[in-house]
Amino acid sequence: MRLASRVAVLTGAGISAESGVPTFRASEGLWRNFRAEDLATAEAFHRDPALVWTWYNWRRETIAACRPNLGHYALAELEKQKPGLTLVTQNVDGLHNRAGSQRVLKIHGDIWWVLCLACNRITTDLRVPLPEIPPHCSCGGLLRPGVVWFGESLPTATWAQAEAAVSECELLVVAGTSSVVYPAASLAPLARSRGVRVIEINTEETPLSGAAAISLRGPSGELLPLLIE
Ligand SMILES: CC(C)NC(=O)[C@H](Cc1c[nH]c2ccccc12)NC(=O)[C@H](CCCC/N=C(/NCCC(=O)O)S[C@H]1O[C@H](COP(=O)(O)OP(=O)(O)OC[C@H]2O[C@@H](n3cnc4c(N)ncnc43)[C@H](O)[C@@H]2O)[C@@H](O)[C@H]1O)NC(=O)OCc1ccccc1
Ligand SMILES: [Zn+2]
């Protein structure tokens, strides 16, 4: 399928579902019956950093045992074919990078990054399992996961690049997201307001489906490879 040259892609948890990474909304997305919105907040962390870290450690162990799927690899290949392609992801699992994608805008951060609350250093920590819960920095400070929690603003520069990419492209592909978490869910409407064609790929209907030029119903691991020339 001949695609536009300036393409942007927005992904969510659904693109990693076929790799075995639990999504947020699906039933198995729950951990010990906590909703993500209950644990992925600064309040929850200050209340009980060990509980929140136990959850992130569980997710890191789960993700470490997973491999990118054909959907991730298709987007890495598309990046090679389309130098102008920008990949914006809500996922913190790092699977796009593991599939070979170079230009990934991680608007919600990365579960393999840790931030020290004392010296403010951000480092990559791939230890699975974490030897200490909660983990501490070499300066002795308490570490927090390098992700954007609910109620926190997204990284300014990364978000500005994401808004620019979806505004200036000819085609936006939105794959595996329920389009309910903001401000990420404002990207497709922004693109449409600039006359950009939006293709949605999802196994289910979402609030975006009616507004997309095409809404393809099926698993992204099967449909994204069809985008490759
Ligand atoms: C729940 C929601 C209503 N709440 C929000 O949106 C909130 C509040 C809010 C702000 N503005 C609003 C406007 C309206 C309403 C609410 C708000 N937003 C925030 O708090 C944001 C921060 C949001 C980011 C939170 N962090 C995440 N993740 C990192 C952490 C972590 O991961 O631990 S969000 C997290 O949840 C979201 C989950 O959504 P999806 O990825 O779409 O996954 P989901 O499971 O929902 O859906 C999966 C989809 O895939 C499909 N699927 C499944 N399998 C497949 C398959 N095989 N193939 C294809 N599709 C598939 C399914 O059908 C489904 O549609 C992702 O974004 C993910 O990153 N911050 C902020 O607003 O700060 C304020 C502010 C502003 C300025 C200055 C200071 C402060
Ligand atoms: Zn430190």
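Atoms within each ligand, like the ligands themselves, are counted from 1 in listed order.
Residues Thr206 and Ser178 have side chains that never bring a donor and an acceptor to within less than 3.5 angstrom of each other. A donor and an acceptor atom, one from each side chain of Arg217 and Ser215, are located under 3.5 Å apart.
Put simply, the angle at the Zn ion (ligand 2) from SG in Cys119 to SG in Cys137 is close to 110°, to the nearest 10°. Here the angle at the Zn ion (ligand 2) defined by SG in Cys116 and SG in Cys139 stands at 100°, rounded to 10 degrees.
The proximity of Ile111 to ligand 1, defined as any non-hydrogen pair under 4.0 Å, does not occur for either the backbone or the side chain. Of the heavy atoms in Arg59, only side-chain atoms (C-beta onward) come closer than 4.0 Å to ligand 1. Both the backbone and the side chain of Gln90 come within 4.0 Å of ligand 1, judged by heavy-atom distances. Counting heavy atoms under 4.0 Å from ligand 1, residue Val181 touches it through both backbone and side chain.
Comparing Trp159, Trp55, Phe150, Phe24 by heavy-atom distance to atom 7 (C) of ligand 1, the nearest is Phe150. Comparing Leu224, Thr89, Val148, Leu223 by heavy-atom distance to atom 26 (N) of ligand 1, the nearest is Val148. If you check each of Pro145, Ser153, Ala17 against atom 77 (C) of ligand 1, the one with the closest non-hydrogen atom is Ser153.
Between Ser178 and ligand 1, a contact under 3.5 Å exists for at least one N or O pair. Remark: ligand 1 and Asn91 share no N or O pair separated by less than 3.5 Å (distance only, no angle test). Between Gly176 and ligand 1, at least one N/O pair is under 3.5 Å apart. In terms of N/O distances under 3.5 Å, ligand 1 is not approached by Thr206.
Counting the atoms of ligand 1 from 1 in the order shown, those under 4.0 Å from a heavy atom of Ala13 are 40 (P), 41 (O), 43 (O). Interface of Tyr56 with ligand 1, defined as ligand atoms under 4.0 Å from a residue heavy atom, comprises 30 (C), 31 (C), 33 (O).
Taking the centre and axis of the six-membered ring of Trp55, the NZ or CZ atom of Arg59 falls inside the cone set by 45° and 6.0 Å. Judged by the 6.0 Å and 45° rule, Arg144 forms a cation-pi pair with Trp149.
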Run the side-chain hydrogen bond (donor to acceptor under 3.5 Å, both in side chains) test on Glu200 and Ser209 for me, step by step, so that the C-alpha distance in whole Å, both residues' side-chain angles and the decisive distance to 0.1 Å come before the verdict.
CA-CA 7 Å; Glu200 180 187 47; Ser209 303; 2.7 Å; yes
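Considering all non-hydrogen atoms of both residues, Arg60 and Asp125 come closest at NH2-O, 2.8 Å.
Using a 4.0 Å heavy-atom cutoff, Gly151 is listed among the residues neighbouring ligand 1.
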